[in-house]
Participant: 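After the structure tokens below, expect a handful of questions from me.
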Amino acid sequence: MNKIDYLRISLIDKCNFRCQYCMPEDQELSYLLSSEILTKSELLTLIKEVFIPLGFTKFRLTGGEPLLRPDLPQIVTEIINLPQTEDVALTTNGYLLQEKSHLLFNAGLRRINISLDSLNPQTFDKIIGNKNRTRWHKTWTGIQTAYEVGFNPLKLNVVIIPDVNDHEILELAALTIQRNWHVRFIEFMPIGNSQLFSEKAWIPSSEIRTQIKAKWGLEESNIKGNGPADVFKIPHSKGTLGFISQMSECFCDRCNRIRLSADGWLRPCLLNETGQIDLKTALRQGMKSEKMREKVAELLLLKPDINFKERDSGTQNNNYMRTMSQIGG
Ligand code: SAM
Ligand code: SF4
């Protein structure tokens, strides 16, 4: 069985963007009260007393937008300082990186993924649901700041949506030629905005690779990550191109991760709602760490069945209760 040692932690369900594919404008979203969100101390207790003893060593902090959480630098440092921790990374939309990159670097963080779906300010604003002043320039400056501060690897996550940003595939891929940046194309999933998904569908990674290959050629990279990305590079480029193909290719058999939502629900599979455990209530009602560990260990044993069992019906029905921002994408 695959070793499950990677926990993705959503620190907050709120966001300063409202991306079409994640939090659609016309959808009423209910946000958590701050009292419902795991505190830093509760999160650290779960990590130290439940997850680390079960063999978890890799952690990704995400959201919603994790940079909205004021105690993010402290959370980063405390997780990094645990002797068993092998890796801590962050996924952000980059909007606040201009002012927060230094703080996060000084807190010990080195690995960062920034979502960037367009190099065109108008398209970018359309995707992130912004009607006022453009947010592209500040996001772009945030990415440059993170690079200058020394984050390495610096990865850019791109979701390609037909008729929205598919004309920018080559431009986005070209970012890896002169810079040591890693652009990762993530297939659009029917989570968050199933209507947009049904209207536009998704572009398989193989099609994106074909376009890039026709322009520059493409070779397999010897740099491999912790996760499910297939990594390639444009010949002689400084960075790499990753492809995360959860729609076109089932990689459940190599899945090494589970997800903890901001309100403490542990979820074994992104594409499946079954089997979740409410760890916040358990913790707040005084359940012993040993008992929580037992419950999580049981869930880990069930995970391979959960991964495979309902994935197909879930993706076909486009019927997910929570958005990516709520789950912690
Ligand atoms: N706010 C941060 C950000 O945007 O990077 C972190 C949370 S966001 C939910 C994490 C990742 O999920 C982003 O890279 C985003 O593009 C991706 N995502 C959100 N909804 C998605 C969907 N329906 N299909 C594929 N990826 C999605
Ligand atoms: Fe916010 Fe990230 Fe979702 Fe966009 S993808 S709305 S930035 S949580």
Side-chain angles (χ1 to χ4, degrees), residues 1-12 37-63 66-67 69 71-92 103-113 150-155 223-229 253-270 275-284 286-304 306-307 327-329:
M1 200 172 93
N2 221 5
K3 188 171 172 211
I4 299 160
D5 57 0
Y6 178 11
L7 181 67
R8 291 178 80 101
I9 304 167
S10 173
L11 293 177
I12 186 165
I37 293 183
L38 288 175
T39 63
K40 170 169 77 72
S41 138
E42 286 172 331
L43 179 61
L44 263 294
T45 301
L46 288 175
I47 293 177
K48 283 191 271 195
E49 296 184 17
V50 178
F51 292 104
I52 285 184
L54 288 171
F56 284 81
T57 54
K58 303 179 187 106
F59 305 95
R60 175 169 295 276
L61 305 174
T62 178
L67 266 61
R69 184 129 172 185
D71 54 359
L72 176 62
Q74 291 77 19
I75 294 175
V76 165
T77 306
E78 291 198 32
I79 302 179
I80 287 176
N81 286 343
L82 298 172
Q84 298 88 345
T85 298
E86 288 174 12
D87 188 41
V88 177
L90 176 81
T91 301
T92 170
L103 260 177
L104 290 168
F105 196 83
N106 292 340
L109 188 72
R110 293 294 177 268
R111 283 168 30 78
I112 197 163
N113 287 23
F151 282 101
N152 187 11
L154 187 148
K155 297 185 181 172
I223 303 176
K224 298 278 173 230
N226 284 330
D253 57 339
R254 18 176 192 134
C255 179
N256 62 346
R257 62 199 56 198
I258 55 174
R259 292 174 157 82
L260 184 66
S261 71
D263 56 344
W265 281 90
L266 187 66
R267 179 183 178 114
C269 172
L270 176 63
Q276 301 182 68
I277 304 178
D278 179 1
L279 285 176
K280 182 195 69 198
T281 304
L283 189 68
R284 290 189 183 174
M287 187 184 282
K288 293 230 162 48
S289 302
E290 196 187 338
K291 183 81 196 150
M292 286 192 279
R293 272 201 301 275
E294 268 171 33
K295 281 171 147 277
V296 175
E298 272 168 33
L299 186 69
L300 295 181
L301 283 176
L302 289 175
K303 179 172 158 60
I306 293 174
N307 286 345
I327 300 165

Participant: Between Gly63 and Ser10, which heavy-atom pair has the shortest distance, and what is it?
Facilitator: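 Minimum heavy-atom contact is CA-OG, 3.5 Å.
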
Participant: Grab the two heavy atoms, one from Ile258 and one from Leu300, that are nearest each other, plus how far apart they are.
Facilitator: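 The pair with the smallest heavy-atom distance is CD1-CD2, 3.8 Å.
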
Participant: Which residue in the set Thr85, Ile4, Val50, Ile47 passes side-chain contact (heavy atoms from CB on, under 4.5 Å) when paired with Phe56?
Facilitator: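 Only one option passes, and that is Ile4.
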
Participant: Do any N or O atoms from the side chain of Arg110 and from the backbone of Phe105 form a donor-acceptor pair under 3.5 angstrom?
Facilitator: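 Indeed, once roles are kept as given, a pair shorter than 3.5 Å links the two residues.
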
Participant: Are the side chains of Lys280 and Ser261 in touch, meaning some heavy atoms are under 4.5 Å apart?
Facilitator: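 No; the side chains remain at least 4.5 Å from each other.
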
Participant: Could you grab the distance from atom CD of Glu86 to atom CG of Asp5, nearest 0.5 Å is fine?
Facilitator: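 CG of Asp5 is found 7.0 Å from CD of Glu86.
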
Participant: For residues Ile79 and Ile9, report the shortest heavy-atom separation together with the two atoms involved.
Facilitator: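 Heavy atoms of Ile79 and Ile9 come nearest at CD1-CD1, 4.5 Å.
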
Participant: In Å and rounded to the nearest 0.5 Å, what is the CG to CZ distance from Leu82 to Phe59?
Facilitator: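 The CZ atom of Phe59 is 7.0 Å from CG of Leu82, to the nearest 0.5 Å.
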
Participant: Distance from Leu72 atom CG to Leu109 atom CG, nearest 0.5 Å?
Facilitator: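 One gets 7.5 Å once the value is rounded to the nearest 0.5 Å.
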
Participant: Might you work through the side chain to side chain contact (heavy atoms under 4.5 Å, CB included) test for Leu44 and Lys40, ending with a clear yes or no?
Facilitator: CA-CA 6 Å; Leu44 263 294; Lys40 170 169 77 72; 4.1 Å; yes

Participant: Is there a side chain to side chain contact (heavy atoms under 4.5 Å, CB included) between Lys58 and Arg257? Walk through the geometry before answering.
Facilitator: CA-CA 9 Å; Lys58 303 179 187 106; Arg257 62 199 56 198; over 6 Å; no

Participant: How close do Lys48 and Pro53 get, heavy atom to heavy atom, and via which atoms?
Facilitator: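 Closest approach of Lys48 to Pro53: O-CD, 3.1 Å.
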
Participant: Test side chain to side chain contact (heavy atoms under 4.5 Å, CB included) on Leu90 and Leu104 and set out the steps.
Facilitator: CA-CA 10 Å; Leu90 176 81; Leu104 290 168; 4.0 Å; yes

Participant: So, for Leu11 and Arg69, which heavy atoms are closest and what is the spacing to 0.1 Å?
Facilitator: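 Between these two residues, the closest heavy atoms are O-NH1, 2.8 Å.
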
Participant: Looking at Arg293 and Val296, would you say the former's side chain and the latter's main chain have a donor-acceptor pair under 3.5 Å?
Facilitator: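 Flag not set: sc Arg293 to bb Val296 has no pair under 3.5 Å.
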
Participant: Please round to the nearest 0.5 Å and tell me the distance separating atom OG1 of Thr57 and atom CD1 of Ile52.
Facilitator: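 Between atom OG1 of Thr57 and atom CD1 of Ile52 there are 8.5 Å.
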
Participant: CE/Met292 to CD/Glu49 distance, rounded to the nearest 0.5 angstrom?
Facilitator: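 It is 7.0 Å, given to the nearest 0.5 Å.
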
Participant: Atom CG in Leu38, atom CG in Leu279: separation rounded to 0.5 Å?
Facilitator: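 Those atoms lie 8.0 Å apart.
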
Participant: Where do Thr91 and Arg60 land on the side chain to side chain donor-acceptor pair (under 3.5 Å) test, with the steps shown first?
Facilitator: CA-CA 7 Å; Thr91 301; Arg60 175 169 295 276; 3.0 Å; yes

Participant: Is Glu298 salt-bridged to Lys295, going by a charged N under 4.0 Å from an acidic O?
Facilitator: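 Salt bridge flag = no for Lys295 with Glu298.
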
Participant: Decide side chain to side chain contact (heavy atoms under 4.5 Å, CB included) for Phe51 and Leu266; before the verdict, give the C-alpha distance in whole Å, the side-chain angles of both, and the deciding distance to 0.1 Å.
Facilitator: CA-CA 11 Å; Phe51 292 104; Leu266 187 66; 3.7 Å; yes

Participant: To check you understand the geometry: which heavy-atom pair defines the closest contact between Leu61 and Pro66, and what is its length?
Facilitator: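 In this case the closest contact between Leu61 and Pro66 is O-CG, 4.2 Å.
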
